[in-house]
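To start, the structure under review is shown below, and the notes come after it.
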Amino acid sequence: MLDIQKIRADFPILSQTVNGKPLVYFDNGATSQKPQIVIDAEVKYYQEINANIHRGVHTLSQLATDAYEISRGKVKVHINAKHAYEVLFTSGTTHGINLVTNGFASILKPSDEVIVSSLEHHSNIVPWQMLCEKTGATLKVIPMNEHGELILEEFDKILSEKTKVVTVNHISNALGIINPIKSIIDKAHAVGAAVLIDGAQAVPHLKPNVQELDCDFYAFSGHKMCGPTGTGILYGKEEWLNKLPPYQGGGEMIKEVTFEKTTYADLPHKFEAGTPNIAGGIVLGTAIDYLNNIGFENIQQYEHELLEYATKRLLEIEGLRIYGTGKNKASVVSFNIDGIHPYDIGSIIDKLGIAVRTGHHCAQPIMNFFCIPGTIRASFSFYNTKEEIDAMVEAVKKAQTMLS
Ligand SMILES: *Cc1c(COP(=O)(O)O)cnc(C)c1O
């Protein structure tokens with residue numbers, strides 16, 4: 001069992017007041033808060049070892065390089081990649097996805113097809129649309145049902161030998177639905193398609209096992225899993241990373257440069273041009289250690305309790321509807337109240353110290369499906385409490401009274 005009060009003490013921001021009220025932070029789907037150990041590690045890096053990596057023989061450069069590569073090794077173990085060089089540092093999920101779509105621009109032909117799901121974040125829609133525009137390939141979409149679950153029989157119908165890439169998120173940011181990615185990966189592989197999993201919403205809640213999943217790419221952000229902003233990881237299978245051309249040209253990604261020809265560096269450096277977010281990359285390792293110390297089984301069990309409690313309490317409110325009613329869910333509740341715009345509720349409860357996300361959550365196609373402008377999204381982390389959920393429910397009731 002987790003000692004939530006002790007955990008909360010690790011996060012200095014949680015003891016703040018906002019608008020004169022104790023902060024209730026339920027916008028974890030947008031970014032998580034950071035524990036003191038992560039904040040300290042970032043400061044310590046700049047105080048003690050700041051230097052550029054892979055470049056100098058001097059001591060600090062060696063220390064920085066070692067710390068950066070140790071962190072890569074931690075990520076490799078954490079996601080169970082086969083090789084550390086299959087783990088690329090990026091600035092976030094968006095960067096990772098664009099790295100892949102950029103690479104496929106030289107592979108796809110006009111007769112090829114790409115499949116995305118109707119539950120995707122704009123970050124995992126727009127780059128594929130741009131790729132299809134560039135190559136003439138066709139974009140197809142896996143539809144969902146009214147519970148926010150992908151309809152796999154429809155996926156079977158659009159999947160064919162023409163399909164070259166399938167991409168889906170592990171967990172939907174807008175609805176919290178956990179997708180059956182193993183089954184999607186296996187079906188896609190059966191027709192020879194590559195699979196990219198957008199793991200941005202999964203990594204705060206679970207430990208992905210990329211070898212067991214057998215996905216070809218798995219992208220995520222550090223800032224949603226207690227790490228710093230501007231950090232992320234793209235895992236790619238060695239065969240694919242060797243096949244794809246580099247994303248950016250620059251320093252550190254080359255073996256030899258002449259004006260006639262440049263040869264590229266080996267993995268992972270081929271995809272890591274320029275000076276990266278060194279501090280962030282190192283500190284991402286600290287965040288992963290922190291989460292593993294708490295334990296993902298404990299996190300999941302506790303967050304599931306929060307999800308069930310919040311769902312039950314919110315449904316006590318008359319006229320409240322929850323979107324994403326599928327069975328398999330992470331700790332996210334997306335809802336609306338009859339006749340009231342989500343933005344109005346969000347603004348009023350902000351005055352009461354409650355931070356939720358309102359709007360389309362970068363997933364406009366989902367909102368179009370439900371014919372709504374957006375939702376109110378409360379996304380819970382292991383440092384949240386049932387008392388905070390009670391405070392949100394009271395605040396929403398108050399807003400409802402004021403607005404109706
Ligand atoms: C947040 C998010 C992204 C984008 O992540 P960035 O850190 O902004 O690059 C992509 N997909 C999903 C599902 C997300 O939740």
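Using cut-offs of 30° and 60° for the angle between ring planes, the Tyr383 and Phe11 rings count as tilted. Under the 30°/60° scheme for interplanar angles, the aromatic rings of Phe104 and Trp240 are found to be tilted. Ring-plane geometry between Tyr343 and His341 is classed as perpendicular, the angle between the planes exceeding 60 degrees on a 0 to 90 degree scale with a lower cut at 30.
Rounding to the nearest 0.5 angstrom, the gap separating the CD1 atom in Ile115 from the CD1 atom in Ile158 is 4.0 Å. His122 contributes atom NE2, which lies 9.0 Å from atom CG of Asn173 (distance to the nearest 0.5 angstrom). Atoms CZ and CD1, from Phe382 and Ile4 in turn, are 8.5 Å apart once rounded to the nearest 0.5 Å. In this structure, Ile288 CD1 and Cys226 SG are separated by 10.5 Å, a value rounded to the nearest 0.5 Å. How far OG of Ser160 is from CG of Asp112: 9.5 Å, rounded to the nearest 0.5 Å. A distance of 8.0 Å separates OG in Ser61 from CD1 in Ile278, rounded to the nearest 0.5 Å.
Under a 4.0 Å N-O distance rule, the pair Glu149/Lys327 does not qualify as a salt bridge. Under 4.0 Å is where a charged nitrogen must lie from a carboxylate oxygen, and between Lys270 and Asp266 no such pair does. Ion pairing of Asp338 with Arg321 is absent here, as no side-chain N (NZ or NE/NH1/NH2) approaches a carboxylate O to less than 4.0 Å. The pair Arg72-Glu86 does not count as a salt bridge, with every side-chain nitrogen at least 4.0 angstrom from each carboxylate oxygen. Using a cutoff of 4.0 Å between basic side-chain nitrogens and carboxylate oxygens, Asp214 and Lys237 are scored as salt-bridged.
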- CA sep, side-chain torsions, deciding dist, call: Ile254, Thr263, side chain to side chain contact (heavy atoms under 4.5 Å, CB included): CA-CA 6 Å; Ile254 48 84; Thr263 49; over 6 Å; no
- Item | ring pair (Phe, Tyr, Trp, His ring centres under 6.0 Å) between Tyr247 and Phe271, worked out | CA-CA 6 Å; Tyr247 181 40; Phe271 290 103; 8.5 Å; no
- Message: side chain to side chain contact (heavy atoms under 4.5 Å, CB included) for Asp198 and Phe220? Distances and angles first, verdict last.
- Response: CA-CA 6 Å; Asp198 171 353; Phe220 59 95; over 6 Å; no
- Message: Under the criterion side chain to side chain contact (heavy atoms under 4.5 Å, CB included), I'd like the reasoning laid out for Asp350 against Asn19: C-alpha separation, chi angles, the key distance, then a yes or no.
- Response: CA-CA 8 Å; Asp350 172 57; Asn19 295 320; 3.6 Å; yes
- Hey, mind stepping through Ser379 and Asn28 against side-chain hydrogen bond (donor to acceptor under 3.5 Å, both in side chains) and telling me if it holds? CA-CA 5 Å; Ser379 47; Asn28 295 288; 4.9 Å; no
- Before giving the answer on side chain to side chain contact (heavy atoms under 4.5 Å, CB included), spell out for Ile79 and Tyr218 the whole-Å C-alpha distance, their side-chain angles and the decisive distance to 0.1 Å. CA-CA 9 Å; Ile79 64 173; Tyr218 194 101; 5.8 Å; no
- Message: Checking Asn292 against His78 for the side-chain hydrogen bond (donor to acceptor under 3.5 Å, both in side chains) test, could you report, in this order, the C-alpha distance in whole Å, the side-chain angles of both residues, the deciding distance, and whether it holds?
- Response: CA-CA 9 Å; Asn292 278 320; His78 185 69; 3.2 Å; yes
- Worked check of salt bridge (charged side-chain N to carboxylate O under 4.0 Å, His left out) between Glu297 and Lys207: CA-CA 9 Å; Glu297 270 173 36; Lys207 214 168 145 142; over 6 Å; no
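Within 6.0 Å of atom NZ in Lys162, 12 or fewer heavy atoms from other residues, nucleotides or ligands are found, so the atom counts as exposed in its surroundings. Other residues, nucleotides and ligands place more than 12 heavy atoms under 6.0 Å from the CD atom of Glu316. Sparse packing is recorded around NZ of Lys398, with 12 or fewer heavy atoms of other residues, nucleotides or ligands lying under 6.0 Å away. Annotation: Ile37, atom CD1; neighbour count of heavy atoms from other residues, nucleotides and ligands within 6.0 Å does not exceed 12. Summarising the local packing, NZ of Lys182 is surrounded by more than 12 heavy atoms from other residues, nucleotides or ligands at distances under 6.0 Å. Within 6.0 Å of atom NZ in Lys397, more than 12 heavy atoms from other residues, nucleotides or ligands are found, so the atom counts as buried in its surroundings.
His189 and Asp216 share a donor-acceptor pair across their side chains, judged by distance under 3.5 Å alone. Using a 3.5 Å distance cut-off with no hydrogens or angles, the side chains of Thr93 and Ser221 do pair a donor with an acceptor. Side-chain N/O atoms of Glu120 and Ser117 include a donor and acceptor closer than 3.5 Å. The closest side-chain donor-acceptor pair between His361 and Thr375 falls under 3.5 angstrom. Side-chain N/O atoms of Asn179 and Asn328 include no donor and acceptor closer than 3.5 Å. In the model, Asn209 has a side-chain atom that pairs as donor or acceptor with a side-chain atom of Asn80 under 3.5 Å. Side-chain contact annotation: Gln248 with His95, donor-acceptor N/O pair under 3.5 Å absent.
Side-chain contact between Leu315 and Glu318: absent, with no pair of heavy atoms (C-beta onward) separated by less than 4.5 Å. Looking at Ile197 and Thr167, their side chains never come closer than 4.5 Å, going by heavy atoms from C-beta outward. Taking 4.5 Å as the limit, every side-chain heavy atom of Glu308 sits out of range of all side-chain heavy atoms of Lys329. Contact check for Cys215 versus Ile181: no side-chain heavy atoms found under the 4.5 Å cut-off. Here the side chains of Tyr25 and Ile13 are not in contact, with every heavy-atom distance at 4.5 Å or above. A 4.5 Å side-chain heavy-atom check between His54 and Glu252 finds at least one atom pair inside the cut-off. Looking at heavy atoms from C-beta onward, Lys187 lies in side-chain contact with Leu159 at the 4.5 angstrom threshold. Between Tyr290 and Gln36, the closest side-chain pair of non-hydrogen atoms is not below 4.5 Å.
The shortest heavy-atom contact between Pro246 and Asn102 is O-ND2, 3.7 Å. Pro342 approaches Thr358 most closely through the heavy-atom pair O-CG2, 3.4 Å. Minimum heavy-atom separation, Gln300 to His205: NE2-O, 3.0 Å. Between Ser71 and Leu284 the shortest heavy-atom distance is OG-C, 4.4 Å. Counting all heavy atoms, side chain and backbone alike, Glu394 lies closest to Arg313 at OE2-NH2, 3.8 Å. Nearest approach of Phe296 to Pro204, heavy atoms of both residues: CE2-O, 3.9 Å.
Taking the six-membered ring for Trp and the full ring otherwise, Phe26 and Phe380 have centroids separated by under 6.0 Å.
Leu196 pairs with exactly one of Asn124, Thr101, Val116, Val114 by the side-chain contact (heavy atoms from CB on, under 4.5 Å) rule, that one being Asn124.
Between the side chain of Ser381 and the main chain of Asn384, no donor-acceptor pair closer than 3.5 Å is present. Within the 3.5 Å criterion, the main-chain N or O of Lys6 finds a donor-acceptor partner in the side chain of Asp3.
Figure legend: cation-pi geometry between Lys386 and Tyr309, with NZ or CZ positioned under 6.0 Å from the six-membered ring centre and within 45° of its axis.
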